[in-house]
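Reviewing the structure listed below.
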Amino acid sequence: MARYITTTLPYVNAEPHIGFALELVQADVLARSWRLAGEEVFFSTGTDEHGQKIYEAAQKQGKEVQDYVDHYASKVEGLKDILSLTPDNFIRTTSPEHKEAAQEMWRRCEAAGDIYKKEYTGLYCVGCEAYKTPKEIEDNKCIIHPHLALEEITEENYFFRLSKYQKYLEDYLSVEGIIIPEWRRQEALTFVRGGLEDFSISRSVAKLSWGIAVPGDDTQVMYVWFDALTDYISTLGWPEDKEGKFKKFWEQGQTLQVGGKDQVRFQSVMWQAMLKSAELKETEQVFYHGFINSGGQKMSKSLGNVISPYELVEKYGTEATRYLLLRHVHPVEDSDVTWERLDEWYTANIVNGLGNLVARVMKLSEEHLPEPVALSDLDHVIDAEFFTLLDTFSFQDAMDRIFALVGKGDEFMTSSEPYKKIKVEETAEEARADLRQLVSQIAHIALYLAPFMPSTSTAILSAVHENKKPENLFPRLAV
């Protein structure tokens, strides 16, 4: 089966944050696991580079907007290497191919009678880059960005007839499993049932010049969300589809979008209506993860509690960073992370847990076994329940299952004491049998680790095949 998976695209108005790193790693685990299962996969990520926030941030720094977005796009793209990601494409919304796709999406929606122009006065949140409805406002502030003042804007813009798709979206969102977790589906369904309003999809060039031109009207640029959402298909080569990727992975494949919990309105309502208007296939599933907070508060530069993925990798390394995000951040609930907790998790479970077990077993094996342990067919089998955990986005539970095997290995080492028995002639053969079992156990652990900690998995399996203790997998933290 052809499988398509995409992350959202972060705005390039700042350094990439830990929440997006979580999203990237979650998507990468799924892509890797599907490939290991023999499926053909297209994994996409990239950057969202238009809009008012970016324009204003560039102006504040006194930079040309394109230079500004190039700088931050490179920071996001750099996550591919430092997080050991395997995307098949990195799409930038400033690319000529994407601009062409966004304009074609506009033309198709316009041809369907779903785009019209009118004057509008509304409260606009720069943080969301969207006009806010009364149910999205609390104490005269956007509920998502309460620290930003809403701007009252009167403007003649183009609008998309979202209200036309009320019944369609209710039917679409009534299908169980269309959104994970279930309560996000209910949230989306409640939002739609509450009544849909048409939304603005353009801005005046006189007020915002940084955007994709509206076809046939050089006085307007596309609203950033209308532009950016189209990336989910422009990354596949739509509309021309010269290589057939759109047909294979979107039209005939199974599609999955991964995003943060604040994306429900955009990913599962607006985008699905746009696809329907353009007579394109809907997204089959969207997975929404929670937020990462620090010390009980939302991360912000002013509080000084922001944790960068670059800082994580510098301190713990790529493999341990993937581990920390996948095992100690809840897949769908908000999670609280501090440097103190990260240090504790790293030392207890990675250094003293997995790393120590592999080092002890392979050192004994190298010294006391005459040849590499021959692995059986059973050592290469992953049970079906493990794949079920991945299919249900239960990353933490899957990791817990792996580290339960690490714990069993430690328990067997402690109870059997091969390091003692090997020194006594009468028990030496029994000790070698125990060692063979332990080597098989860590090889099995490596098999499970492959989509989560790929380099660690490879290093362990190489050590097993060579019957040699590997280099220190996880160094201790400096005091």
Is any side-chain N of the basic residue among [X] and [Y] closer than 4.0 Å to the acidic one's carboxylate O?
| X | Y | result |
| --- | --- | --- |
| R3 | E39 | yes |
| D227 | K99 | no |
| K248 | E40 | yes |
| D70 | K63 | no |
| R185 | E182 | yes |
| R184 | E187 | yes |
| E77 | K80 | yes |
| K245 | D88 | no |
| E385 | R401 | yes |

For the side chain of [X] and the backbone of [Y], is there at least one donor-acceptor N/O pair under 3.5 Å apart?
| X | Y | result |
| --- | --- | --- |
| T230 | F226 | yes |
| S200 | S202 | yes |
| R322 | F452 | yes |
| S95 | H98 | yes |
| T190 | Q186 | yes |
| N13 | K53 | no |
| Q396 | P331 | no |
| E136 | C142 | no |
| Q166 | L196 | yes |
| T283 | Q285 | no |

- Task: Check the side chains of Y55 and Q59 for a donor-acceptor pair under 3.5 angstrom, ignoring hydrogens and angles.
- Result: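 Yes, because at least one side-chain N or O of Q59 sits under 3.5 Å from a partner of the opposite role on Y55.
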
- Message: Checking N89 against T235: is there a side-chain donor and acceptor pair closer than 3.5 Å?
- Response: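 There is such a pair (donor and acceptor under 3.5 Å, judged by atom type) between the side chains of T235 and N89.
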
- Partner set under side-chain hydrogen bond (donor to acceptor under 3.5 Å, both in side chains) for T93, not counting sequence neighbours: none

- Quick one: side-chain hydrogen bond (donor to acceptor under 3.5 Å, both in side chains) partners of Y288, sequence neighbours excluded? S268

- Message: Walk me through whether Q26 and H289 qualify under side-chain hydrogen bond (donor to acceptor under 3.5 Å, both in side chains).
- Response: CA-CA 9 Å; Q26 288 177 332; H289 60 80; 4.8 Å; no

For the [atom1] atom of [X] and the [atom2] atom of [Y], what is their distance to the nearest 0.5 Å?
| X | Y | atom1 | atom2 | answer |
| --- | --- | --- | --- | --- |
| W225 | Q267 | CH2 | CD | 6.5 Å |
| Q66 | H71 | CD | NE2 | 14.0 Å |
| L256 | T6 | CG | OG1 | 9.0 Å |
| I5 | L30 | CD1 | CG | 4.5 Å |
| D336 | D334 | CG | CG | 9.5 Å |
| L22 | T7 | CG | OG1 | 11.5 Å |

- Ring centres of W250 and Y4 under 6.0 Å apart? yes

- Partner residues of Y172 under the ring-ring contact (aromatic ring centres under 6.0 Å, His included) criterion, sequence neighbours left out: none

- Message: The test is side-chain hydrogen bond (donor to acceptor under 3.5 Å, both in side chains); show your working for E319 and T456 and say whether it passes.
- Response: CA-CA 7 Å; E319 294 288 285; T456 301; 2.9 Å; yes

Can you establish whether the number of heavy atoms outside [X] located under 6.0 Å from its atom [atom1] is more than 12?
| X | atom1 | result |
| --- | --- | --- |
| E170 | CD | yes |
| K363 | NZ | no |
| E471 | CD | no |

- Task: With side chain to side chain contact (heavy atoms under 4.5 Å, CB included) as the test, would you mind laying out the steps for K75 and V12 before giving the verdict?
- Result: CA-CA 9 Å; K75 292 287 187 180; V12 287; over 6 Å; no

Taking every non-hydrogen atom, the tightest pair across [X] and [Y]:
| X | Y | value |
| --- | --- | --- |
| G253 | K281 | O-NZ, 2.8 Å |
| E23 | G260 | OE1-N, 3.6 Å |
| V29 | L390 | CG1-CD2, 4.1 Å |

- Task: Give every residue pair that meets the ring pair (Phe, Tyr, Trp, His ring centres under 6.0 Å) criterion with at least one member in residues 33-53, sequence neighbours excluded.
- Result: F42-F249, H50-W210

- With side-chain hydrogen bond (donor to acceptor under 3.5 Å, both in side chains) as the test, would you mind laying out the steps for D28 and T86 before giving the verdict? CA-CA 6 Å; D28 186 69; T86 58; 2.7 Å; yes

Listing, residues 439-451 side-chain donor-acceptor contacts under 3.5 Å, not counting sequence neighbours, or none:
| unit_1 | atom_1 | unit_2 | atom_2 | d |
| --- | --- | --- | --- | --- |
| S440 | OG | R436 | O | 3.1 |
| H444 | NE2 | V381 | O | 2.7 |
| Y448 | OH | D383 | N | 3.2 |
| Y448 | OH | D383 | OD2 | 2.7 |

- Item | Identified ring pair (Phe, Tyr, Trp, His ring centres under 6.0 Å) partner of F160 from the options W271, F199, Y223 |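 In the set W271, F199, Y223, the residue that makes a ring pair (Phe, Tyr, Trp, His ring centres under 6.0 Å) with F160 is F199.
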
- Y323: which of Y346, F395, Y316, F403 passes ring pair (Phe, Tyr, Trp, His ring centres under 6.0 Å): F403

Name each donor-acceptor pair under 3.5 Å that joins a side chain in residues 351-358 to protein atoms two or more places apart or in another chain, with its distance.
| unit_1 | atom_1 | unit_2 | atom_2 | d |
| --- | --- | --- | --- | --- |
| N352 | OD1 | R476 | NH1 | 2.9 |
| N352 | OD1 | R476 | NH2 | 2.7 |
| N352 | ND2 | T347 | O | 3.4 |

